[in-house]
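Single-structure report; data block below.
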Amino acid sequence: MTERAEEQPARNRQPRWRKQDIAADFGASLVVFLVAVPLCVGIAVASGVPAELGIVTGIVGGIVVGLLPGSSLQVSGPAAGLTVLVADAVSRHGLPALGVIVLGAGLLQIVLGLLRLGEWFRAISPSVVQGMLAGIGLVLLLSQIYPMTGATQPETTADKVLGLANLVTDALTQPAAMLVGLLTIATILGWQRMPAKVRLVPGALIAVVLASAVTALVGLPVATVEVGGLTSVLGGLGGHDWGLLTDPAVLGSVLTFALVASAESLFSAAAVDRMHDGPPTRYNAELVAQGVGNTVSGVLGALPMTAVIVRSAANVQAGARTRASRVMHGVWLLVFAVLLPGLLALVPLAALAALLMHAGWKLLEIPRLIALARTNRPEAAVVLITAGTIAAVDLLVGVLVGLGVAITKTAWDVSHLSVSTTSTAEGVHVMLRGTATFLRLPRLLQLLRSVPSAPRTELDLTGLRHLDQACLQAVEQWASERRRETGRVHVMLPIQAS
């Protein structure tokens, strides 16, 4: 069934903007707004860009993407998973190039959606996805532990790992930032034990407000967010900016942003669909919507966006019923950015770093990885290889390596090969079943060598689903050698090899 055919039943199940849904959507929008504010600011600061740009992306994700068809309840905005990519792009190409990269990624997403390639993102191995998220979590932990403790952050991953040994000692000499960071994490963890009604107020917001209040009241010597204004950070694209698209490195960033943002958004959509019983996501339409949002963000020079599982889950759990909740959350972000931007100057950088460290730890999903290792070690290996490569090299290389390993593993699993040997009065009958490809050539040779010598040998290959050229040549060579040794060898080939 096509997306267009599915659209009408979905509309019949859930009319838009029903009066009885307004109250529920209004309340949910406030909850999502409170979740989004600290995350938008923290992700922007961790990415090395002005804090206001994170708010701008949240506004575009709420109002622009929120109005477009695709998914009804998931919420878009700046994502922790793109922090690493943005920070790397800004350090390599400069802040002015960010708008061009995000714009290019958005246009590419629109093209992918119009070509109806959104569904293909669902075919990516879950182990690669888990590895990608775990790798992002590792990078977040390594990159944010330094600002959380007030230390200077090394540039390379190797230096960050080596610097951990001296980090505690250095932090103890100036403990204020570390205390603020620990207070933030302790508040987030403690808030999870509060009653459900109390937890409607997001723990991340409570943690950041508490850390900001303590910092201001005690006068702790810690760095805080630098605040300008929306007009000071928003910049259009000039004619010289378009020339950046001739740089292969910039084009590589465009491709990486588009693929990672698309994958994260559509994986989030699959997860959010399982949380509610409303209309399911139309993946191609959602991909176009994300592309439009990133195109607008790029024009404004803001951060890239994805659908974010944290905000989306908060939206569903708060009782949202239509897309009105996510649109209203974007309106509240706009009101906050216009009327109350000065509040951001009270937020300690250590608190935001701690907030992202907590997010990075959740992305690791250690219990899930341990459970996977107990039941399926090869799949767990794909997760570890993907995550390790992302942490050691970069996100795109890690995902590509993970996909390569997953494809190789699948091909190996599909190439299952078994043998049964039956002794008869005339000799030996050998039956091979499964798939004989070059990946199983060593196994095939081992099986053939184990066939006992007999006056007559029948090698029945008709049970094979596939026999490639490498294995066929090996069979023919074995048959020739066995004929010279025992005399009579009869090979029954499968149809495709005969």
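The basis for the numbers below is simple: all heavy atoms, side chains too, and nothing from hydrogens, waters or symmetry mates.
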| Out of Ile43, Val45, Thr184, which residue meets the side chain to side chain contact (heavy atoms under 4.5 Å, CB included) rule with Leu352? | Val45

| said: How long is the straight-line distance from NZ of Lys160 back to OH of Tyr146, given to the nearest 0.5 Å? | reply: 8.5 Å

| Between Gln74 and Arg326, what is the shortest heavy-atom contact and its length? | O-NH1, 2.7 Å

| Step by step, would you call Ile206 with Thr187 a side chain to side chain contact (heavy atoms under 4.5 Å, CB included)? | CA-CA 7 Å; Ile206 297 299; Thr187 304; 4.0 Å; yes

| field | Step-by-step side-chain hydrogen bond (donor to acceptor under 3.5 Å, both in side chains) determination, Gln109 to Asn294 | value | CA-CA 9 Å; Gln109 286 181 297; Asn294 275 315; 2.7 Å; yes

| Do Ser71 and Glu286 have side-chain N/O donor and acceptor atoms under 3.5 Å apart? | no

| message | If I compare all heavy atoms of Ala307 with all of Gln290, which pair ends up nearest, and what's the gap? | response | N-OE1, 3.7 Å

| Going from CD on Glu379 to CG on Leu384, what distance comes out if it is rounded to the nearest 0.5 angstrom? | 11.5 Å

| Taking the side chain as C-beta and beyond, is there a heavy-atom pair between Val288 and Leu68 under 4.5 Å? | no

| request: Side-chain contact test, heavy atoms from C-beta onward, threshold under 4.5 Å: evaluate it for Thr386 versus Gln130 and give yes or no. | output: no

| field | Chi angles and distances behind the side chain to side chain contact (heavy atoms under 4.5 Å, CB included) call for Leu138, Ile390 | value | CA-CA 9 Å; Leu138 281 174; Ile390 289 173; over 6 Å; no

| field | Min side-chain heavy-atom separation Trp191-Val198 under 4.5 Å | value | yes

| message | Any heavy-atom pair between the side chains of Val214 and Ser212 that's under 4.5 Å? | response | no

| Counting distance only, does the side-chain N/O of Thr57 pair as donor-acceptor with the main-chain N or O of Met305 below 3.5 Å? | no

| query | What do the steps show when you test Phe33 against Phe336 for side chain to side chain contact (heavy atoms under 4.5 Å, CB included), and what is the final call? | reply | CA-CA 10 Å; Phe33 161 70; Phe336 174 84; 3.9 Å; yes

| said: Please determine whether the number of non-hydrogen atoms from other residues, nucleotides or ligands lying under 6.0 Å from atom CH2 of Trp361 exceeds 12. | reply: no

| Checking Arg282 side chain against Pro69 main chain: does a donor-acceptor pair fall under 3.5 Å? | no

| query | In terms of heavy-atom contacts, does NZ of Lys362 have more than 12 from other residues, nucleotides or ligands at under 6.0 Å? | reply | no

| Which pair of heavy atoms, one from Leu95 and one from Pro50, lies closest together, and at what distance? | CD2-CD, 4.0 Å

| query | Hey, are the side chains of Leu189 and His358 touching, using non-hydrogen atoms and a 4.5 Å cut-off? | reply | yes

| said: If I compare all heavy atoms of Pro78 with all of Arg311, which pair ends up nearest, and what's the gap? | reply: O-NH2, 2.6 Å

| Taking atom CG of Leu334 and atom NE2 of His329, what is their separation to the nearest 0.5 Å? | 11.5 Å

| field | Between CG on residue Leu82 and CG on residue Leu303, distance to nearest 0.5 Å | value | 9.0 Å

| request: Apply the test side chain to side chain contact (heavy atoms under 4.5 Å, CB included) to residues Val65 and Val292: give CA-CA distance (whole Å), side-chain angles for both, the deciding distance (0.1 Å), then the verdict. | output: CA-CA 7 Å; Val65 178; Val292 172; over 6 Å; no

| field | Point-to-point distance, once rounded to the nearest 0.5 Å, from CG of Leu287 to OG1 of Thr281 | value | 12.0 Å

| said: With heavy-atom distances below 4.5 Å as the criterion, would you say the side chains of Phe257 and Val86 are in contact? | reply: yes

| Between OG on residue Ser29 and CG on residue Leu333, distance to nearest 0.5 Å | 10.0 Å

| said: Counting C-beta onward and ignoring hydrogens, is there a side-chain heavy-atom pair between Thr256 and Leu85 closer than 4.5 Å? | reply: yes

| request: Heavy atoms only: give me the nearest Gly70-Arg323 pair and the separation to one decimal. | output: N-NH2, 4.3 Å

| query | Any idea which heavy atoms bring Asp25 and Thr322 closest together, and the distance? | reply | OD2-OG1, 2.6 Å

| message | Treating Ser143 as the side-chain partner and Leu140 as the backbone partner, does any N or O pair qualify as donor plus acceptor under 3.5 Å? | response | yes

| Ile110 versus Thr295: any side-chain heavy-atom pair under 4.5 Å? | yes

